[in-house]
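The structure under discussion appears below in the form of structure tokens.
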Amino acid sequence: MAKPDKHIIEELQKLRKEIEYHNRRYYVEDNPAISDTEYDRLFDRLLEIEKQYPELVTPDSPSQRVGAKPSKKFEPVAHRLPMLSLQKVTTRSEFDDFDRRVREQLEVSEVTYVTEPKLDGLAVELVYRDGIFVEGSTRGDGLVGENITPNLRTIRSIPLRLSSKTAEKYPLLEVRGEVIMRRSEFEKLNKTLIENGQQPLANPRNGAAGSLRQLDPSVTASRPLLFIAYGIAETTLEELDSQSKTIAFLKKEGFRVNEYVRTVVGPEKVEREFNVLLNVRSSLDYDIDGMVIKVDSFTQQMQLGQISRAPRWAVAWKFAAEQAETVLEDVEFSVGRTGAITPVAKLKPVEVGGVTVSNASLHNEDEIIALDVRIGDTVVVQRAGDVIPDIVSVIPEKRPPDAKKISFPKTCPSCGMPIVRPEGEAAYRCFNAACPAQVEGRLFHFASKGGFDIDGLGTKLARQLIAKGLVKDPADLFYLKKEQLLPLELMAEKKAENLLRAIDNSRKTELPKAIYALGIFGVGESAALLLAERFQTLDALASATVEELTEIEGIGPKIAKNVYDFFHNEGNRRMLQKMRDGGVVFPEYHKTNTGKSLTGKTFVITGTLSQPRSHFKQLIEQHGGKVSSSVSSRTDYLLCGTDPGSKLDKAKKLGVEVIDEERFRQLVAG
Ligand code: IVH
């Protein structure tokens, strides 16, 4: 085998440095400096050299993040210093008690604290020897954890090597932090799991934990995990004599640290930070369940010591759960545009986290059975973010004697046809394509902003058009006449004209929007765009085979089959022809020449939008843009919905352009 010469070794070292630099820009700073293609080019070259000279492969090479073999089980590792747990408080006065004890013990009049979000993930420890990441483990019981080194290696925000200065100064460094999964990534992962017929995960925390505890590291590698560093084990290292300095040091060494870490003096300021977190909580792309408050000075920390497994120098101030008790008054069954029948809990109105709640989701029959919930029961409802609340439990002691079992209907509540629960699915479905509730839902979807964008066609009008027999499928919209509209409720001359104009304008739509509008099961705006990009015309898409469809990255086998089935259904073909006859043109789709309309643009999202945030995030990323969770001078646009939070003020202050959904769609369209 050829011996590597000096140039090869130099090139290799340079490549590794470069790749780690770009990893950091991408995974730690959310600010990539090169395109994915350029990154791949560097990486391919690294692999090429290492293949030629296997003796040059070192454990800190970026190539070693993936590819380790699956193991049979996780080996136990003792933590050199125990990983402690935290005492809890839930109110300002409880925190004041904590602060008083700290002051009394330290004999000082005020204390400097570091406040940090309490991240809801999995605690891990990373051991660096001579600056090289050599071992990583879970917290376990605090004394002994599990060795998950190969899995942690796959997380790109974990540096494999620290600076040479640090390696020299701290030959042993144990970094601690939390492995988390972003909410948006979690939603994406669940979508894929469901598509592949696997069980979805309950929450991002389980997503992170489940992904980390995989015996096969290649599974972990495929999961979008982040490591957020929040401390080091040792508190006697030279120069690192406080929590705030440690955070700054970790950041400098290439770790991701949380953006809301603050150093403050006294309980007043601590509470202020707590309220900041409370306010931003729902807009963050990761789950937090409170704030951790740590005495800043390590000398003071040592002076305070610990009681059993919890330090006296730190405390977790937990958010009050956004839960409340109320009575389940009834259950209604709603039919979606795909025919799925969803039980909706009708609750005695109750306030949860500042919002009055009277509906909650019961998801499906299995959920009802698992909860053993009955009409008349007192239930606990929980709100998380802006989504529809859930019923999390039933209080059996409060069940009245006349509580009524919930029986799932046998027939569709909208059309009366028998309903079925297809094998392997959680939901009952109505398979009558002409079912009014489905037609209504499809029509509304068809006319929505992301579809044909017909202004003025809301649910109420959709219902009337169907009830009066004017519209049986979306194609009928293109044949409507003013005389037919005028007799409708709340319809006037002007309104009818506007609607007809909006319908007329929509005749020349764009292909991705038209595909989305068709309402094919599983095809959202981003999948529609992928399909348009690949096939460019509706006819080409309509004659695509399942294999061709599956080849598209981002289109799974289930969606591929749905698309194929849709275009091979006689009724659907007839409807498309009727649209064409009614003047709809499905224009050819050409990607804008740079390919991606949002390349290099950084977005921050705030407020309530027409779709979940993850939806917009996906669109932005697919068009080459990036989403960041906080507004800074590097932000290009703030996508702002209703009830924006403090991000709007910050954007205005910094002169960041604030855009609404409409403007956003224009940007995406290039
Ligand atoms: S410090 C003694 N900082 O909370 C210090 N922990 O009960 C203990 N956690 O399982 C750790 N965010 O995973 C610390 N900013 C943060 C944290 C944090 C979340 C978790 C940690 C541990 C639990 C401690």
Side-chain angles (χ1 to χ4, degrees), residues 78-89 92 94-119 123-131 139 142-143 162-163 165-178 228-255 257-258 260-274 290-317:
H79 300 294
R80 202 174 58 84
L81 298 168
M83 292 182 78
L84 301 174
S85 56
L86 291 166
Q87 329 168 42
K88 286 174 194 58
V89 297
R92 167 67 195 267
E94 284 176 12
F95 178 74
D96 283 344
D97 292 341
F98 167 84
D99 174 63
R100 188 176 30 77
R101 287 196 300 273
V102 170
R103 280 185 291 113
E104 282 172 5
Q105 211 185 326
L106 293 175
E107 296 178 348
V108 295
S109 60
E110 54 178 21
V111 181
T112 302
Y113 293 108
V114 172
T115 62
E116 306 173 4
K118 187 165 189 304
L119 303 164
V124 300
E125 176 168 78
L126 313 175
V127 182
Y128 289 84
R129 285 193 193 277
D130 300 319
R139 174 171 181 272
L143 301 174
L162 306 177
S163 69
K165 208 171 113 207
T166 293
E168 215 168 285
K169 207 154 154 194
Y170 312 123
L172 172 64
L173 194 72
E174 291 147 326
V175 177
R176 291 172 175 182
E178 198 88 351
I228 314 288
Y230 56 58
I232 50 175
E234 186 71 77
T235 48
T236 54
L237 298 178
E238 187 193 331
E239 282 181 30
L240 286 181
D241 60 2
S242 72
Q243 174 66 8
S244 47
K245 280 189 201 164
T246 301
I247 294 281
F249 161 80
L250 289 169
K251 192 167 171 188
K252 207 165 125 261
E253 283 300 319
F255 289 94
V257 296
N258 186 273
Y260 287 99
V261 176
R262 301 284 180 272
T263 309
V264 297
V265 181
E268 208 60 57
K269 300 269 169 58
V270 168
E271 187 180 22
R272 196 184 297 170
E273 290 310 320
F274 182 78
M291 182 165 86
V292 182
I293 303 122
K294 304 173 183 172
V295 170
D296 188 32
S297 149
F298 285 167
T299 317
Q300 290 185 336
Q301 286 191 6
M302 284 183 281
Q303 237 175 301
L304 289 160
Q306 64 186 68
I307 1 160
S308 85
R309 296 284 187 75
R312 283 207 196 83
W313 46 262
V315 72
W317 186 346

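These numbers come from the heavy atoms of this one structure, side chains and all, not from hydrogens, waters or symmetry mates.
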task: Return the set of residues passing salt bridge (Lys or Arg N to Asp or Glu O under 4.0 Å) with E273 (not counting sequence neighbours), or none when no residue passes.
output: none
Q301: side-chain hydrogen bond (donor to acceptor under 3.5 Å, both in side chains) partners, not counting sequence neighbours: none
field: Qualifying residues under salt bridge (Lys or Arg N to Asp or Glu O under 4.0 Å), relative to D130, sequence neighbours excluded
entry: none
task: Not counting sequence neighbours, which residues clear ring-ring contact (aromatic ring centres under 6.0 Å, His included) with F255? List them please.
output: Y128
message: Looking at every non-hydrogen atom in both residues, tell me the closest pair between A314 and L86 and how far apart they are.
response: CB-CD2, 3.7 Å
- request: May I ask you to check whether over 12 heavy atoms, not counting those of E268, lie within 6.0 Å of atom CD?
  value: no
Heavy-atom pair of closest approach, residues P311 and Q87: O-NE2, 3.0 Å
message: Using side-chain heavy atoms (C-beta onward) and a distance below 4.5 Å, is T115 in contact with V292?
response: no
- prompt: Are side-chain heavy atoms of E94 and W317 found at a separation under 4.5 Å?
  reply: no
query: Should V261 and V114 count as side-chain neighbours, where that means a heavy-atom distance under 4.5 Å?
result: yes
statement: Residues passing the salt bridge (Lys or Arg N to Asp or Glu O under 4.0 Å) test with R103, sequence neighbours excluded, are D99
query: By side chain to side chain contact (heavy atoms under 4.5 Å, CB included), which residues pair with R309, not counting sequence neighbours?
result: S85, L143
message: For R129, is the CZ atom crowded, meaning more than 12 foreign heavy atoms sit under 6.0 Å from it?
response: no
statement: side chain to side chain contact (heavy atoms under 4.5 Å, CB included) filter on A123, not counting sequence neighbours, yields M83, R139, E178, Y230
If you look only at distance, which donor and acceptor atoms sit under 3.5 Å apart when one is on a side chain in residues 104-111 and the other is two or more places apart or in another chain?
{"residue": "Q105", "atom": "NE2", "partner": "L304", "partner atom": "O", "Å": "3.4"}

task: Calculate, to the nearest 0.5 Å, the distance between atoms CG and CD belonging to L250 and Q243 respectively.
output: 8.5 Å
- prompt: Can you pull the salt bridge (charged side-chain N to carboxylate O under 4.0 Å, His left out) pairs that have at least one residue in residues 290-307, sequence neighbours excluded?
  reply: E116-K294
Worked check of side chain to side chain contact (heavy atoms under 4.5 Å, CB included) between K269 and V265: CA-CA 6 Å; K269 300 269 169 58; V265 181; 5.6 Å; no
Side chain to side chain, I232 and L240, heavy atoms closer than 4.5 Å: yes
message: Counting C-beta onward and ignoring hydrogens, is there a side-chain heavy-atom pair between I293 and W313 closer than 4.5 Å?
response: no
task: Please tell me if the side chains of R101 and F98 come closer than 4.5 Å, counting only heavy atoms from C-beta onward.
output: yes
query: What closest approach, in Å, do I247 and V257 show between heavy atoms, and which atom pair accounts for it?
result: O-CG1, 4.0 Å
message: Just to verify, what does D96 make a side chain to side chain contact (heavy atoms under 4.5 Å, CB included) with, not counting sequence neighbours?
response: R92, P267
- request: Only pairs at least two apart or in different chains count here, so list each side-chain hydrogen bond (donor to acceptor under 3.5 Å, both in side chains) that has a residue in residues 166-176.
  value: R80-E174, E125-R176, S163-T166, T166-E253, K169-E239
- prompt: Is any side-chain heavy atom of T263 less than 4.5 Å from a side-chain heavy atom of Y113?
  reply: no
With K251 via salt bridge (Lys or Arg N to Asp or Glu O under 4.0 Å) - residues at least two apart: none
message: Within the structure provided, determine whether F298 and T236 are in side-chain contact (heavy-atom separation under 4.5 Å).
response: no
- prompt: Nearest 0.5 Å, what's the CD-CG distance between E234 and L173?
  reply: 9.5 Å
